[in-house]
2 protein chains.
Amino acid sequence: MMLILASSSPRRANLLCQVGIPFTIIEPTIQESMEKGVPASEMVARLALNKALSVSEKVEGGYVLSADTAVFSGTEVMGKPADEKDARRMLRQLSGTKHLVISGLALVDAATGFYENGFSETYVWLKHLREDQINSYIATGEPMDKAGAYGIQDRAALFVEKIDGCYFNVVGLPLGLLFDFFTRMQIPAWFNKRG
Amino acid sequence: MMLILASSSPRRANLLCQVGIPFTIIEPTIQESMEKGVPASEMVARLALNKALSVSEKVEGGYVLSADTAVFSGTEVMGKPADEKDARRMLRQLSGTKHLVISGLALVDAATGFYENGFSETYVWLKHLREDQINSYIATGEPMDKAGAYGIQDRAALFVEKIDGCYFNVVGLPLGLLFDFFTRMQIPAWFNKRG
């Protein structure tokens with residue numbers, strides 16, 4: 001029994017460590033292209049599945065796990081900020097309002113090709129942020145590699161008024177949904193208990 | 001400028017580290033006694049304030065921070081489980097249903113005695129847990145030192161369907177409320193930026 005994480009995100013790896021699931025990492029090589037005219041939830045679910053399938057084709061066995069997370073504010077899909085100016089624009093836009101975080105998740109049984117695929121949605125309400133607070137946060141460098149220019153698991157935790165949904169989805173890996181996938185595929189949640 | 005954490009909880013210390021706030025720890029010596037006939041939210045707020053005040057009396061200056069967290073399920077206030085049997089009882093009771101986590105928070109300016117005091121409420125929905133899942137989780141030892149016999153920041157993250165409110169409140173320190181206290185007391189959120 002082996003879990004393969006098809007992602008280069010250190011935050012996803014950290015979450016798997018937290019829940020005590022051993023894994024190896026094989027980074028997917030496919031491009032993350034946004035398709036037009038597809039519902040947001042379907043888009044991130046497909047991206048996660050494509051990444052997982054691209055890795056499962058290269059291995060003999062094991063379960064390949066992949067996720068894709070996007071931040072939706074109004075009509076904008078927010079990726080990682082291009083620069084500090086872009087980060088400031090995103091944080092100003094998210095300040096004092098709610099936005100939606102959707103993560104697609106895919107778990108592929110590489111030996112059989114059988115898979116589970118779905119998504120998780122969480123609303124996040126950020127407090128009103130003053131310009132000096134936004135600038136202090138940008139000065140930490142933390143916003144630059146994160147969709148929506150903030151990380152709920154870093155200093156920006158202080159900015160969050162409340163959430164409605166799965167917290168770990170906002171971090172980047174919806175653990176509740178992963179547990180459902182384990183259950184449906186009859187995989188014990190803790191691999192290391194199987195011996 | 002100095003923050004003093006009046007708590008022996010490693011989880012609260014970890015959250016302060018996460019948001020980049022330097023602090024020292026002075027453990028409060030007062031007993032955490034439950035008062036009868038007081039609303040739950042008022043009870044945890046008072047406990048937090050009493051702990052913070054007991055430490056602030058012993059120091060010359062600085063801001064003393066304290067929190068108290070309780071899990072409410074039906075009419076029961078869940079503390080830490082007495083033993084594995086008690087942990088099993090709690091997890092069975094929480095399985096497949098929602099419960100309420102309330103953290104009281106207090107921040108005392110030791111030099112002036114001025115303080116902020118309040119509470120944060122978060123609803124948590126746990127998935128339906130099978131007996132073997134409960135037993136596997138208890139076997140990890142993680143439930144034993146936690147109110148309600150689970151830690152949302154440990155392996156039990158997999159068991160959480162969703163939350164409504166502040167996630168960090170469930171971990172034990174409501175960071176959103178702490179940010180509000182900083183703002184009201186005109187304390188910059190990042191002490192280390194003040195020099």
Side-chain angles (χ1 to χ4, degrees), chain A residues 14-21 120-130 132-142 151-171 173-183 187-194, chain B residues 14-21 120-130 132-142 151-171 173-183 187-194:
Chain A
N14 283 344
L15 284 178
L16 286 180
C17 290
Q18 174 189 316
V19 294
I21 301 174
S120 176
E121 294 184 314
T122 305
Y123 282 98
V124 181
W125 283 256
L126 287 195
K127 293 173 187 288
H128 174 75
L129 303 175
R130 296 193 314 259
D132 63 307
Q133 292 167 333
I134 289 175
N135 289 334
S136 290
Y137 180 51
I138 289 173
T140 67
E142 291 179 343
I152 197 168
Q153 74 295 327
D154 65 24
R155 287 169 202 239
L158 288 167
F159 298 159
V160 180
E161 182 65 35
K162 60 167 276 179
I163 74 168
D164 185 2
C166 174
Y167 168 79
F168 307 101
N169 170 32
V170 186
V171 180
L173 189 68
L175 293 176
L177 187 61
L178 179 60
F179 185 76
D180 294 341
F181 286 3
F182 285 156
T183 301
I187 305 169
W190 291 297
F191 297 86
N192 51 351
K193 292 284 162 194
R194 288 187 99 193
Chain B
N14 283 344
L15 284 178
L16 286 180
C17 290
Q18 174 188 316
V19 293
I21 301 176
S120 176
E121 295 184 313
T122 305
Y123 281 99
V124 181
W125 283 255
L126 287 195
K127 291 173 188 289
H128 174 74
L129 302 175
R130 296 192 314 260
D132 63 307
Q133 292 166 332
I134 289 175
N135 289 335
S136 290
Y137 181 51
I138 289 173
T140 66
E142 291 179 341
I152 197 169
Q153 74 294 327
D154 66 25
R155 286 168 203 242
L158 287 167
F159 298 159
V160 180
E161 182 66 33
K162 60 165 277 181
I163 74 167
D164 185 2
C166 174
Y167 167 79
F168 306 100
N169 170 31
V170 186
V171 180
L173 188 68
L175 293 177
L177 186 59
L178 179 59
F179 185 75
D180 294 341
F181 286 4
F182 284 156
T183 302
I187 305 169
W190 290 297
F191 297 86
N192 51 351
K193 292 283 162 195
R194 288 188 101 194

Requested in this report: Begin from the C-alpha positions of A/F179 and B/Q133 and carry the test side-chain contact (heavy atoms from CB on, under 4.5 Å) through to its verdict.
Outcome: CA-CA 11 Å; A/F179 185 76; B/Q133 292 166 332; 3.3 Å; yes
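- The nearest pair of heavy atoms linking A/I152 to B/F168 is O-CZ, 3.2 Å.
- Ranked by heavy-atom pairs shorter than 4.5 Å toward chain B, the options A/L15, A/N169, A/D180 are led by A/D180.
- For chain A, the option among B/C166, B/G176, B/G165 with the highest count of heavy-atom pairs below 4.5 Å is B/G165.
- For B/T183, the part sitting under 4.5 Å from any heavy atom of chain A is the side chain, from C-beta outward, and nothing else.
- The two residues A/D154 and B/Q18 have their closest heavy-atom pair at O-NE2, 3.2 Å.
- By the side-chain hydrogen bond (donor to acceptor under 3.5 Å, both in side chains) test, A/E161 pairs with A/K127, sequence neighbours left out.
- Contact record, B/L175 with A/L158: O-CD2, 3.5 Å, taken as the closest heavy-atom pair.
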